[in-house]
Every structure is written in structure tokens, then in C-alpha cells.
Student: 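I have a structure here, written as C-alpha cells, and I will follow up with some questions on it.
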Amino acid sequence: MRRLFLTITALLLTAGCSIAGNDDADGKTTVTFRLWDEQVATAYEQSFAAFEKTHPEITVDVQVVPWADYWTKLPADVAAGTAADIFWTNTSNFGLYADNGHLLPVDVSGDWTKSVVDLYTRGGKLWGVPQLWDSIALYYNKDLVTKAGVDPAALTWDPSRPDDPFRAALRRLTADGAGRHPGEAGFDPKDITTYGFNAALDQQAIMWDFVGSNGGTWQTGDAFTFADQPKTAQAVQYVVDLINKEHVAPSAADTNTNSDKALQLFTQGRIALFQSGPYHLKAVHDGAGFPWGIAPLLDGPAGRVGVVHGVAAVASARTAHKEATTEVLKWIGSADGQRPIAAGGYAFPGVTSVQPAFVDHWRQRGVDLQPFLDSAGGTTFPAPVGPRVGSGGTAYAPVLQQVFLGQLGVVDGLRKAQNAGNEAMKG
Amino acid sequence: MRRAVLTYLALSLAAVVILAPYLMSVQTSVKTPRQFAQQPPLAPPRPPTGENYAELTVGGHTLIPPLVITVQVVLVVVLGQLVCSVLAAYAFARLDFPGRDAIFWVYLATLMVPAVAVLVPRFVLLSEAGLVNTFWGIVLPSMFGSPYAIFLLRQFFRAVPQELLDAARIDGAGHPRVLRHVMLPLSRPVLATLLIITAVTHWNDFLWPLVVTSGARWEVLTVAVAGLQSQYQGNWTLVMAATTLATMPLLVLFTIFQKHIVKSITITGMK
């Protein structure tokens with residue numbers, strides 16, 4: 001008992017002492033940098049180690065906040081003025097902070113990917129330093145496409161053609177436990193062992209790409225107008241039919257709430273064509289036990305159109321040390337500052353000149369990233385913008401989930417979703 | 001006999017339902033990421049690997065610093081709560097002072113306010129006090145007792161026969177001595193229950209530490225485990241190993257206090 005008491009006292013005396021790092025900067029200025037990806041954080045640590053050598057008066061404290069709670073924590077921190085000096089943001093969430101004067105406009109310039117610069121330009125000013133970007137292409141399982149005689153690089157789709165080549169190819173790629181394909185007598189949609197495609201409510205990787213490839217858009221200005229556009233509705237209908245009518249994609253009951261489901265089916269060798277971004281390169285490379293490749297996006301009525309999305313680093317307007325923050329911002333917008341991100345194979349860097357380092361990383365592992373570059377260089381579909389588009393998206397998500405489950409018709413569902421989204425954006 | 005068989009059948013079924021998620025997380029934690037990616041979730045680990053655990057203890061994702069922080073937080077909060085709640089409950093149960101019941105019911109009513117509702121005001125309060133991203137920022141809001149603990153103890157203290165207290169008073173004991181030598185020895189089961197409930201609650205507390213701290217310095221276990229997952233990287237094998245590790249101390253705690261807990265449930269009818 002006595003010993004227990006002593007132990008507890010000792011522990012209490014040391015309470016409030018952390019063994020994880022310290023921020024005793026001894027005269028140095030500490031700039032905090034927040035992001036949501038613990039893997040890319042490793043690359044930043046490397047990058048800042050080099051920075052601190054040339055800037056001995058500044059230390060950079062990298063803080064990882066879990067993605068799932070990033071957008072819960074940020075508003076509280078911004079409101080209380082305790083946000084990190086520099087933090088990562090995506091397009092859905094930065095507009096509100098830019099409009100409310102919480103961010104410092106970026107007055108340095110750099111050799112940055114133009115599409116990402118465009119995404120973060122609002123009211124004629126640039127608000128973030130491009131850090132990384134994603135485009136969409138088609139991963140494919142070589143064994144499965146060879147067996148079905150499908151050339152993934154030559155796929156085209158057209159929702160209005162009854163003999164749509166993409167649907168025909170997907171039917172050949174999909175098989176049930178007895179080896180029968182959809183459309184054949186006795187095909188059992190409840191016992192599918194191999195799916196053709198990962199059609200799902202994945203806006204960035206699937207839905208918006210089809211919408212764009214059909215000539216539709218999602219927003220007009222900041223407002224959602226997807227329900228008003230027949231071409232958008234037609235594309236969504238096409239994707240939903242792939243799941244519920246054609247049975248060539250996993251059920252939305254599995255994919256709606258588990259965004260990893262399609263990836264897992266692909267690495268298990270149970271999906272032939274997996275449309276996604278470079279953010280899944282590592283998972284596919286580490287997980288797949290079969291030969292795979294990357295093909296360009298499908299060619300549709302309006303051509304090959306894919307979403308380009310970028311992550312930027314923004315600086316808080318309430319930073320206590322503006323000069324040091326600007327120095328760090330300059331560094332992470334420079335080629336040297338971003339090289340670890342590219343060379344480590346984490347993502348396409350925002351700085352154009354270090355892009356080859358990323359491509360080389362994957363070429364050495366036998367992966368050709370050209371389809372992603374083509375996708376970004378071709379016609380692109382802008383990621384959603386606007387100050388409150390994040391809350392709009394949250395508001396319409398449950399309605400779209402019902403649409404993908406087949407519980408709600410596409411036309412009615414889109415209308416309902418659009419109203420809910422625009423209502424939420426009014427704030 | 002037949003009834004016993006049925007009872008056991010029902011009980012084992014319930015045990016399976018309750019234990020299955022834990023077993024799944026344990027078996028996923030000894031798989032390689034590659035096996036997890038290639039095979040269905042229920043496939044047995046072949047061969048079992050310790051690499052996830054190694055990564056979490058001595059590797060780049062070590063959970064030791066967050067574990068130390070979490071132990072400190074739980075210790076301070078549990079001690080603070082037990083001491084303050086015992087004193088408050090004794091006052092509410094056994095002392096006569098004007099407005100006693102009114103204060104008690106008002107305090108109890110705060111039980112009805114969801115924690116999320118006070119999250120932002122509380123955060124602003126602490127940030128004005130300069131306590132954001134400090135150890136005391138994590139523990140201060142909950143270390144001075146909780147309405148639940150005070151209610152539980154007050155009910156228990158009220159049930160102690162007045163004669164026992166009167167006897168102690170006649171022998172010349174003041175309130176502190178009555179509390180120390182009569183009340184507390186009688187309340188062991190309920191104190192044990194309270195201890196474990198408080199420890200578990202704060203061991204698992206996620207939202208408040210997440211909001212009030214940033215960065216590795218004061219990161220608690222729950223926040224560190226959540227940080228293993230990114231937008232596109234599930235890291236499931238690592239996360240399952242981490243949750244298994246994080247649950248372990250609670251199982252030990254439960255084993256130690258098991259007898260008291262079962263006893264207190266039978267005494268108070270509380271769960």
C-alpha cells in the first residue's frame with residue numbers, strides 16, 4: 001500500500017512533463033505547421049530539417065491532426081486564434097477562411113502547378129501555396145483484362161448508345177461464382193466474385209469525372225446546379241445503373257460508408273478496373289499480388305475529363321510571427337522544400353520542377369504515371385469551390401447515398417440533394 | 001437441466017457477439033498489410049507477424065509518449081475526481097446548510113447538457129486563460145468532480161445508517177474523521193466502481209484532448225491512434241494493433257477491480 005502510494009505520488013509529481021519532444025526554443029521562433037497526413041509529415045520533417053540549417057533562428061513544429069477530425073478542430077482553433085501558423089487545407093474548406101480574413105494572402109510567387117493555383121485563387125488573390133495535387137486515372141488488373149480481352153487504354157463510354165462499349169466490356173469483366181457474366185442466363189448478382197469497375201459514390205474519383213466527361217458541371221458560381229443539367233443527371237444515372245442495374249460494380253451498401261471497400265476488392269484481385277487517384281499508388285503497390293497498370297480515363301461524349309484536386313498550405317492571419325511564417329511559406333513553395341514529398345513518392349508536388357522526382361520514384365518501381373499527367377494536362381473538372389461548399393457537401397451526402405442505393409430516383413434525388421446543399425450553404 | 005443448457009447457449013451466443021469484434025481486431029493486428037490487402041478480413045493470419053506491434057513500441061510510430069501522457073491524465077483526473085466528489089457528496093448527503101438541495105439539483109441538471117454543447121465555450125475559456133496545448137488544459141475541466149460521481153456517492157452515503165455516524169459523533173469524531181473512518185471504509189465497492197468508470201471514461205476520452213492540444217507534445221493515446229489513419233491510408237493492421245494495445249491496460253484494471261465492481265452492482269443496482 002505504502003509503495004503504491006509512493007508510486008502514485010512520484011507519478012503525480014511528474015504529471016505535466018511530456019517525454020515527447022519539447023518546444024523550448026531558446027530564443028528561436030517556433031512556427032507551427034499542421035497537416036492531416038502522417039506519411040507526408042515524414043517528408044516535411046526532412047524538408048524542415050534542411051530549412052532549419054539555413055535558418056538557425058527558426059524551428060518548425062509539424063503537427064498531425066487526424067483527417068477524420070481535421071475539420072472539426074480547425075474552426076475552433078481559428079475562432080480562438082490558436083490555429084497553427086501554417087496549415088494544410090483542401091478546396092472545400094478554405095474559401096470561408098479566405099473570405100473572413102483569417103488567412104494571409106500569398107505574396108510570394110513560385111513555379112507552381114497552374115490548376116492548383118487556380119483552385120486557391122479567390123477574389124483575384126492567391127490564398128495558399130500549392131503543396132500537392134491529384135488527378136484521376138484508371139488502375140487495372142492485367143490478368144483480369146487480358147482474360148476478358150479488354151484493352152483498358154481504349155475504353156469509351158456513351159450513355160445514350162444502346163451498344164455502349166464500356167458497359168459491354170464491364171459485363172465481360174464481371175463474373176459470378178459459376179463464371180457466368182451479367183446478362184447471361186442464370187447469372188447470380190448476389191454471388192459476384194469479380195467486379196468490372198468500382199462505380200460508387202466517390203465524387204472525386206468517379207462521379208464528377210463521369211459528369212465532366214458527359215459535358216455536365218456541378219456548380220454555377222458557388223451554387224450547386226447539378227439537378228438542373230440533363231447531362232449531369234444522365235451521367236449520374238449511368239454510374240448508378242452500373243451498380244444496381246448492370247451489376248458490374250460492388251453494391252452501394254458496401255461502398256457508401258466504407259471508402260476503403262473498393263480499394264480492398266481491387267487489391268484482393270476482385271475488381272478489374274479501379275478508377276482512382278495517385279493517392280492510392282502506395283496502397284495498390286504494397287497490396288496487389290498481381291500485375292497491374294494505369295490507363296487513361298475513359299473517353300466520353302465530351303472527351304476524357306477528370307477531377308484535379310490540390311492541397312495547399314495557408315498561413316493564419318493571426319500568426320504571432322509573420323516574418324518567420326513567410327520564410328517557412330516560401331520554403332515549402334520552393335523546389336528544395338518540396339523535393340522530399342516528390343522523391344519519397346508521396347504525391348505529385350505543387351512545385352512543377354520537382355515533379356520528375358515523383359515520376360522517377362514510381363518508374364523505378366515499374367509504374368508509369370503518364371496517365372495521371374495526361375489527365376491533369378487535359379480537360380479537367382474543377383474541384384468544388386465556395387466558402388461553404390464543405391457544409392453543402394455534408395448536407396447532400398445522405399441524399400446521394402440513397403440515390404446510389406437505388407432507394408431514390410436519380411432525378412428526384414439530385415433535386416433533393418441540390419436543395420439541401422444550397423440550403424446548407426446559405427448558412 | 002434443459003433450462004441450464006438453453007441458458008448457457010444464450011449466454012455463449014451473447015459472448016460471441018460481444019467478443020467477436022475484439023478477436024477480429026486482434027487477428028488483424030498480427031497480419032501484414034499485404035495479407036490484409038489481399039485476403040478477406042476473416043482469413044486467419046498466416047504467418048502471424050509482430051511487425052505492427054514492433055512499429056508501435058520501438059518503431060517510428062511509437063505509442064510510448066502518448067501512453068505516458070494518458071496515464072498522467074487519468075491519474076490526475078481520477079484522484080481529483082474521487083477526492084472532490086467524496087467531499088461534495090458527503091456535504092450533500094450528510095450536512096445541513098441552506099440551499100443544499102437546490103444546489104444539488106442544479107448541479108445534477110448539468111448532467112443533461114451534452115458535452116459537445118459546452119465544447120466551444122470551454123475551449124474559448126481555456127484559451128483565454130492561456131491553457132490551450134498544455135497538460136492542465138486537458139485535465140482541469142474534469143478534475144474537480146463530476147455530477148455523475150457526486151450523485152452516485154450521495155445516494156450511497158445516504159443509505160449508510162445514521163446510527164453509525166451518531167455513534168462516531170458521540171465518541172467525539174468531527175466530520176473529517178467520520179468521513180475517513182466510517183463512510184469511506186463502508187463505501188469501498190462504490191469507490192472502486194467510480195474509480196474504474198472514471199478511469200475508463202478518461203482513458204477513452206478523445207474529443208476534448210483532440211480539441212485542446214495540437215502536436216506530439218501532449219498527444220494522448222486516442223488522438224495518436226486516430227492520427228495513424230489519413231484521408232486515403234487506412235493503415236488497418238497498424239490501427240488494430242494500436243487499439244489492442246490501448247485496450248490492454250483497461251483489461252488489467254478491470255481484472256484487479258472485478259470483484260468490487262460485481263459487488264457494487266449487486267449493492268447499488270447501478271451499472
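Note: hydrogens, waters and symmetry copies are ignored here, and every other heavy atom, side chains too, is used. What you see is a predicted model, and the numbers here were worked out from it, not measured in a lab.
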Student: Working to the nearest 0.5 Å, report the span between CD of B:Q39 and CD of A:Q264.
Tutor: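 CD of A:Q264 is found 12.5 Å from CD of B:Q39.
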Student: What pair of heavy atoms forms the shortest contact from A:P66 to B:G227, and how long is it?
Tutor: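 Scanning both residues, the minimum pair turns out to be CG-N, 3.7 Å.
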Student: Excluding sequence neighbours, so at least two apart, what forms ring pair (Phe, Tyr, Trp, His ring centres under 6.0 Å) with A:F290?
Tutor: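 Partners of A:F290 under the ring pair (Phe, Tyr, Trp, His ring centres under 6.0 Å) test: A:F266.
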Student: For residues 79-90 of chain A, give me every residue with a non-hydrogen atom less than 4.5 Å from any non-hydrogen atom of chain B.
Tutor: A:A80, A:T82
Student: Using non-hydrogen atoms and a 4.5 Å limit, figure out which bit of A:R270 sits close to chain B: side chain, backbone, both or neither.
Tutor: neither
Student: Is the shortest side-chain heavy-atom distance between B:F123 and A:D77 below 4.5 Å?
Tutor: yes
Student: For each of A:A288, A:A283, A:S259, A:G269, tally heavy-atom pairs with chain B at distances under 4.5 Å, and name the one with the top tally.
Tutor: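 Most pairs with chain B among the choices: A:A288.
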Student: Between atom CZ of B:R34 and atom CG of A:D286, what is the distance when rounded to the nearest 0.5 Å?
Tutor: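 Taking CZ in B:R34 and CG in A:D286, the distance rounds to 7.5 Å.
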Student: Out of A:T42, A:D260, A:T72, A:T32, return the one with the most heavy atom pairs under 4.5 angstrom to chain B.
Tutor: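 Greatest number of close heavy-atom pairs with chain B: A:D260.
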Student: Compare all side-chain heavy atoms of A:V64 with those of B:S230 and state whether any distance is below 4.5 angstrom.
Tutor: no
Student: Please identify, among B:L119, B:V139, B:L207, B:L210, the residue contributing the most non-hydrogen atom pairs under 4.5 Å to chain A.
Tutor: B:L210
Student: If I measure from the heavy atoms of chain A, does B:E219 come under 4.5 Å with its side chain, its backbone, both, or neither?
Tutor: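 Side chain only.
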Student: Going from CD on A:E38 to CD on B:Q233, what distance comes out if it is rounded to the nearest 0.5 angstrom?
Tutor: 8.5 Å
Student: Which region of B:Q38, side chain (C-beta onward) or backbone (N, CA, C, O), has a non-hydrogen atom less than 4.5 Å from a non-hydrogen atom of chain A, or is it both or neither?
Tutor: both
Student: Taking the inter-plane angle between the rings of B:Y232 and A:Y279 on a 0 to 90° scale, is it parallel (under 30°), tilted (30 to 60°) or perpendicular (over 60°)?
Tutor: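 Rings of B:Y232 and A:Y279: parallel, under 30°.
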Student: Quick one: closest heavy-atom pair of A:K73 and B:S214, and the distance?
Tutor: NZ-OG, 3.2 Å
Student: Side chain, backbone, both or neither: which part of A:A68 has an atom under 4.5 Å from a heavy atom of chain B?
Tutor: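 Answer is neither: A:A68 stays 4.5 Å or more from chain B.
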Student: Could you give the distance from CD (A:Q39) to CG (B:N235), rounded to the nearest 0.5 Å?
Tutor: 6.0 Å
